[in-house]
Participant: 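Attaching a single structure in structure tokens format; questions to follow.
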Amino acid sequence: MERTLIILKPDAVARGLIGTIIERFERKGFHILAIKLTRMNASTAQEHYAMHKGKPFYQGLINFMTAGPVVLLVLQGEHAIEVVRKMMGATFGFQAEPGTIRGDFGLSSSLNLIHGSDSPEAAQVEIERFFTPTELFDGSIRVPK
Ligand code: IDP
Ligand code: MG
């Protein structure tokens with residue numbers, strides 16, 4: 001069972017696509033271990049996208065990611081990282097296949113709705129970046145006696 005960190009980016013939140021996107025993951029069978037609406041500050045965005053530092057789009061990406069609230073999620077399921085990346089589609093909406101989140105809901109080459117971890121190592125670091133262990137739930141129900 002794998003875990004992955006998802007960010008519904010500011011464009012997804014602003015366009016009212018939170019429910020639509022999360023519904024796809026729930027219907028696919030993923031369990032939501034954690035969920036939070038928050039605004040990312042610049043230093044967290046810089047850390048999250050450190051691998052892109054120096055690229056021409058980097059400052060625009062930081063500006064975009066901090067421009068409004070985001071929804072952070074931890075999803076769990078079989079092969080979660082690969083399956084979520086497939087469901088997200090290619091990086092830019094105009095290239096992403098229909099049927100994928102980016103392919104169905106966007107055309108932009110910068111506002112692309114969603115982030116998903118790209119490896120187990122990245123997932124662990126990213127989950128710890130945004131959530132404490134006590135914020136992760138296993139989905140089980142305990143009925144009080
Ligand atoms: P990914 O999100 O599909 O893994 P990456 O290449 O890792 O794509 O890029 C991270 C994020 O940086 C993208 O999701 C997108 O928001 C932004 N980005 C990547 N390339 C460009 C670009 O050429 N112009 C503008 N933004 C970009
Ligand atoms: Mg990437």
Participant: Report yes or no: does Ser117 contribute a side-chain atom to a donor-acceptor pair with the main-chain N or O of Ser119 at less than 3.5 Å?
Facilitator: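 Between the backbone of Ser119 and the side chain of Ser117 there is no qualifying donor-acceptor contact (under 3.5 Å).
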Participant: In the single-linkage hydrophobic clustering (I, L, V, M, F, W, Y; side-chain heavy atoms under 4.5 Å), do Phe64 and Val70 co-cluster?
Facilitator: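 Phe64 clusters together with Val70.
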Participant: Hydrophobic clustering (ILVMFWY, side-chain heavy atoms < 4.5 Å, transitive) - are Phe137 and Leu72 grouped together?
Facilitator: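 No.
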Participant: Does atom NZ (Lys36) have a neighbourhood of more than 12 heavy atoms from anything else shown, all under 6.0 Å?
Facilitator: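 More than 12 within 6.0 Å, yes.
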Participant: According to a hydrophobic-cluster definition based on side-chain heavy atoms being under 4.5 Å apart (Ile, Leu, Val, Met, Phe, Trp, Tyr only), do Val125 and Leu33 belong together?
Facilitator: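 No.
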Participant: Calculate, to the nearest 0.5 Å, the distance between atoms CZ and CD1 belonging to Phe57 and Ile62 respectively.
Facilitator: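 Those atoms lie 9.5 Å apart.
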Participant: Judged by atom type as modelled, is there a donor-acceptor pair below 3.5 Å linking the side chain of Thr44 to the main-chain atoms of Met40?
Facilitator: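 Answer holds: no.
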Participant: Anything under 3.5 Å between a donor and an acceptor, one on a side chain of residues 90-100, the other on a protein residue two or more places apart or in another chain? List them.
Facilitator:
residue: Thr100; atom: OG1; partner: Glu97; partner atom: O; Å: 2.6
residue: Thr100; atom: OG1; partner: Gly103; partner atom: N; Å: 2.9

Participant: Only one of Ile6, Leu73, Val74 forms a side-chain contact (heavy atoms from CB on, under 4.5 Å) with Ile32, so which one is it?
Facilitator: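 The residue from Ile6, Leu73, Val74 that satisfies side-chain contact (heavy atoms from CB on, under 4.5 Å) with Ile32 turns out to be Leu73.
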Participant: Does Ile18 have any side chain to side chain contact (heavy atoms under 4.5 Å, CB included) partners at least two apart in sequence or in another chain, and if so, which?
Facilitator: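 Testing Ile18 for side chain to side chain contact (heavy atoms under 4.5 Å, CB included), a comparison that skips the adjacent residues, returns Leu8, Val13, Ile22, Val71.
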Participant: Going by atom type alone, with no hydrogens or angles, which donor-acceptor pairs under 3.5 Å involve a side-chain atom of residues 75-87 and a protein atom two or more places apart or on another chain?
Facilitator:
residue: Gln76; atom: OE1; partner: Arg3; partner atom: NE; Å: 2.8
residue: Gln76; atom: OE1; partner: Arg3; partner atom: NH2; Å: 3.4
residue: Arg85; atom: NH1; partner: Gly116; partner atom: O; Å: 3.0

Participant: Tell me which pairs pass ring pair (Phe, Tyr, Trp, His ring centres under 6.0 Å) where either residue lies in residues 6-44, with sequence neighbours left out.
Facilitator: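 Not a single pair qualifies under ring pair (Phe, Tyr, Trp, His ring centres under 6.0 Å).
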Participant: Would you kindly confirm whether Ile21 and Ile35 end up in one hydrophobic cluster when ILVMFWY residues are joined by side chain heavy atoms under 4.5 Å apart?
Facilitator: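 In one cluster: yes.
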Participant: Mind checking whether Leu61 and Phe130 sit in one hydrophobic cluster, side chains of I, L, V, M, F, W, Y counted as touching below 4.5 Å?
Facilitator: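 Yes, Leu61 connects to Phe130 through the hydrophobic network.
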Participant: Looking at residues at least two apart in the chain, or sitting in another chain, which of them share a side chain to side chain contact (heavy atoms under 4.5 Å, CB included) with Thr132?
Facilitator: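 Thr132: side chain to side chain contact (heavy atoms under 4.5 Å, CB included) contacts with Thr134, Glu135.
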Participant: Is Leu5 close to Ile7 at the side-chain level, that is, under 4.5 Å between some pair of heavy atoms?
Facilitator: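 Yes, close enough: below the 4.5 Å cut-off.
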Participant: To the closest 0.5 Å, what do you measure between CG (Asp11) and CE (Met65)?
Facilitator: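 Here the interatomic distance stands at 8.5 Å.
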Participant: Please tabulate, for the side chains in residues 48-56, all donor-acceptor contacts under 3.5 angstrom to protein atoms that are two or more places apart in sequence or on a different chain.
Facilitator:
residue: His48; atom: ND1; partner: Arg129; partner atom: NH1; Å: 3.2
residue: His48; atom: NE2; partner: His115; partner atom: NE2; Å: 3.3
residue: Tyr49; atom: OH; partner: Lys9; partner atom: NZ; Å: 3.4
residue: His52; atom: ND1; partner: Lys55; partner atom: NZ; Å: 2.9

Participant: Is there a side-chain contact between Arg24 and Asp104 (heavy atoms, below 4.5 Å)?
Facilitator: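 Counting from C-beta outward, Arg24 and Asp104 do come under 4.5 Å.
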